[in-house]
Amino acid sequence: MFKRVPGTKDVLPDETGHWQAIEEAARNIFSLYNYREIRTPVIEEASLFNRTLGTTTEIVQKQMFLIHNQEDLYALRPEGTASICRSYLENNLDKTNAFIKLYYIGPMFRLERPQKGRLRQFHHIGCEAIGSTEAILDVEVISLASRLLEGFAVKDYKIKINSLGCPKDKQTLSLNLKQGLQKEKQRLCPDCQLRLENNILRVLDCKNEECRKIVKTLELKNSYLCQDCSSHFEEVKNGLNSLGIAFDVEPQLVRGLDYYNRTVFEFTHSNLGSQDAIGAGGRYNNLIKELGGPDIGGIGFAFGVERLLLASTLPEKKVSNNLVYLITLGETAKSAGIKLLNQLRSCGIPCETDYLNRSLKAAMRAANDASARFVLILGEDELRKNVISLKDMSNSTQREINLEDLTKELKC
Ligand code: HAM
C-alpha cells in the first residue's frame, strides 16, 4: 500500500473542523484590520528565494524542494513573504496602492528532518503590510498577531521582540559577534564554525547544546543600533506598552532569513517542546527594492497552523446539524428518491441517502450515525399515495406528510 511522503500529513474529516475554525477566525480578524486575501502559486523560480532569503540560510542551502524543468529551476515555496513581494511587483500593486495589507493561508514546503511540530509540508496563516516604515505599523502588526492568537484560543504564549537595525547596524552586530565568538571557535559545532565566516547571525539560533551555552554567555545589548533605528525600536516598545501587550526584549533573537531588518519578533508556546515557535515575523525594508521595486518598507508575520492546532483550544467548526437522511424501499422509490434529493438540495436543505442497499433497520442506524435530524422513508405505498414518512430524530416522532409540503416542513 502507498504511504504518505515523510513529513506530510493527511488532515482527516475529524480534524478539518478545527482547521476551518482557525481559518475562519483568522479571516474575520484580518478583515478587522482591513487586510485582503492574496493567493500566489506554491511553485516559484528557485532564484526568488536565493535572492530574498539569502544564499547562506538553512532554508536555501538545505531545505528547498527543487524541481528541474529543462533549463529552469523551480522551488516549492518554503515561505510566503518572497512570493507575495514578487506578486506585488509583478502585478503593479505598488503603482495602484501607496500602502497595502495582504493576508494568506496556504501550504509551505521545507525539506527538514520531520519531528513533532516540524513537517515538510506545513501551513502558514500570514500577512504582509507593504509601503510604510512607520513604527505604529510594527505595533499594529504585533497587536494583530496577538489578537489572532486570542481568536485561536491559544493561551500562555510569549512575545519576544528585538531590533536588528538597518543593514549598517546588522554589520556592526555581526562584527561584535565575531569578536565575541572567535575565541570559542573550537567549541562551536562544525556548521557554526562555517557560519562564523559566512553568516554569523545564524550562530545565535543554532540548536546545538554547546553552541547555545556559548551564545548564552555573550553580553548582547542593542548598542549596535544607530540613532534612527534606536528611536524606531523605542517607539515600537512604547506603542506595545500603551496597548498593554506584554513582551520580552530578546537581543539574541535574529531570525533565520536574511531579508529582515529593524523589528523582528517571535511567538512561543510553552507546551510544544523544542519546536516552540508558533509564529514569527519582522520588518523587511530593503526587500521590495532588492526585487527591483521602489524603496519602501514592509512588515509581516506567519503562524504555523499545525503548531497553532497543538496549542489551540478553539472548538471545531460544526457542520450543519439539520441533515435529512432519506431511506427508500424498492427500486421505483430509489429512482424517485434521487429526484427528491436533488429537489431538497436545490432548496438548500442538506440531505443524504443510503448507497449500500441496507435493510430499513440498518439504514436507520446509519442515519443515526450520521447525526441526521430528520429521516424520510419513501416506499412504493407512499409513492402511490404521494406522501412520505417524516421522522424527527430529536423526539422520535413519525408522521406522514404530503410530498408537496415536504420542503416547507423541513425548512421550518
Ligand atoms: P518562519 O519563522 O520561517 O517565518 O515561519 C513562521 C512559522 O511557521 C514558524 O514560527 C513555525 O510556527 C512555522 N513553521 C516553520 N517551519 C515549519 C515546519 N517545518 N513545520 C511546521 N511549522 C513550521 C517565515 O516563514 C516568514 N515568512 C514570516 C514572515 C512573514 N516574516 C515577515 N512576513
Side-chain angles (χ1 to χ4, degrees), residues 5-9 11 22 30 35 38 40 44 48-49 52-54 57-60 62-65 76-88 100-130 137-138 141-142 144-145 148-149 152 154 157-162 164 202 205 207 253-269 271-288 297-312:
V5 170
T8 63
K9 195 178 154 9
V11 184
I22 294 260
F30 278 130
Y35 279 76
I38 182 164
T40 59
E44 294 276 358
L48 171 69
F49 302 111
T52 53
L53 312 186
T57 53
E58 289 267 287
I59 297 186
V60 167
K62 299 186 188 159
Q63 299 174 348
M64 294 250 274
F65 273 94
L76 294 183
R77 62 180 184 193
E79 59 103 55
T81 314
S83 307
I84 302 255
C85 292
R86 191 265 313 137
S87 170
Y88 168 82
I100 194 163
K101 287 171 161 177
L102 303 165
Y103 81 86
Y104 49 98
I105 301 179
M108 306 291 158
F109 306 84
R110 295 184 193 173
L111 201 46
E112 301 206 64
R113 201 156 37 81
Q115 64 179 85
K116 183 184 167 204
R118 191 162 76 190
L119 292 137
R120 289 179 169 177
Q121 177 180 335
F122 57 98
H123 294 75
H124 269 172
I125 289 180
C127 67
E128 313 296 343
I130 305 173
L137 180 60
D138 304 39
V141 163
I142 297 171
L144 159 63
L148 281 167
L149 288 174
F152 301 150
V154 172
Y157 63 87
K158 276 215 158 75
I159 307 180
K160 299 177 192 169
I161 69 166
N162 192 20
L164 300 174
R202 292 288 77 73
D205 39 39
K207 300 281 181 276
L253 179 69
V254 289
R255 307 277 302 118
L257 311 167
D258 273 7
Y259 55 59
Y260 289 118
N261 46 38
R262 286 202 166 166
T263 319
V264 285
F265 48 93
E266 199 168 85
F267 298 84
T268 56
H269 194 272
N271 288 351
L272 300 184
S274 62
Q275 305 303 313
D276 64 349
I278 44 180
R283 225 175 220 297
Y284 42 87
N285 288 348
N286 297 315
L287 182 52
I288 298 286
I299 182 169
F301 62 81
F303 286 117
V305 180
E306 288 78 0
R307 293 189 195 172
L308 282 178
L309 284 163
L310 292 172
S312 157

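Being a predicted model, the structure only gives us computed values, none of them experimental. Both ligands and their constituent atoms are indexed starting at 1 by order of listing.
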### Query
So which protein residues pack against ligand 1 under 4.0 Å, heavy atoms counted?
E79, T81, Y104, R110, E112, G117, R118, L119, F122, H124, E128, R255, L257, Y259, Y260, A277, I278, G279, A280, G281, G282, Y284, G300, F301, A302, G304, R307
### Query
Minimum heavy-atom separation for L253 to N162, with atom names?
O-ND2, 2.8 Å
#### Entry: Sub-6.0 Å ring centroid separation between Y103 and F30
yes
Side-chain donor-acceptor pairs under 3.5 Å in residues 297-306, sequence neighbours left out?
residue : atom : partner : partner atom : Å
E306    : OE1  : H123    : N            : 3.0
E306    : OE2  : H123    : N            : 3.3
E306    : OE2  : H123    : ND1          : 2.7

### Query
With sequence neighbours left out, which residue pairs that include part of residues 273-282 fulfil the salt bridge (charged side-chain N to carboxylate O under 4.0 Å, His left out) condition?
none
### Query
Can you name the salt bridge (charged side-chain N to carboxylate O under 4.0 Å, His left out) partners of K158, sequence neighbours left out?
none
### Expected output: side-chain R110 to main-chain P78 donor-acceptor under 3.5 Å
yes
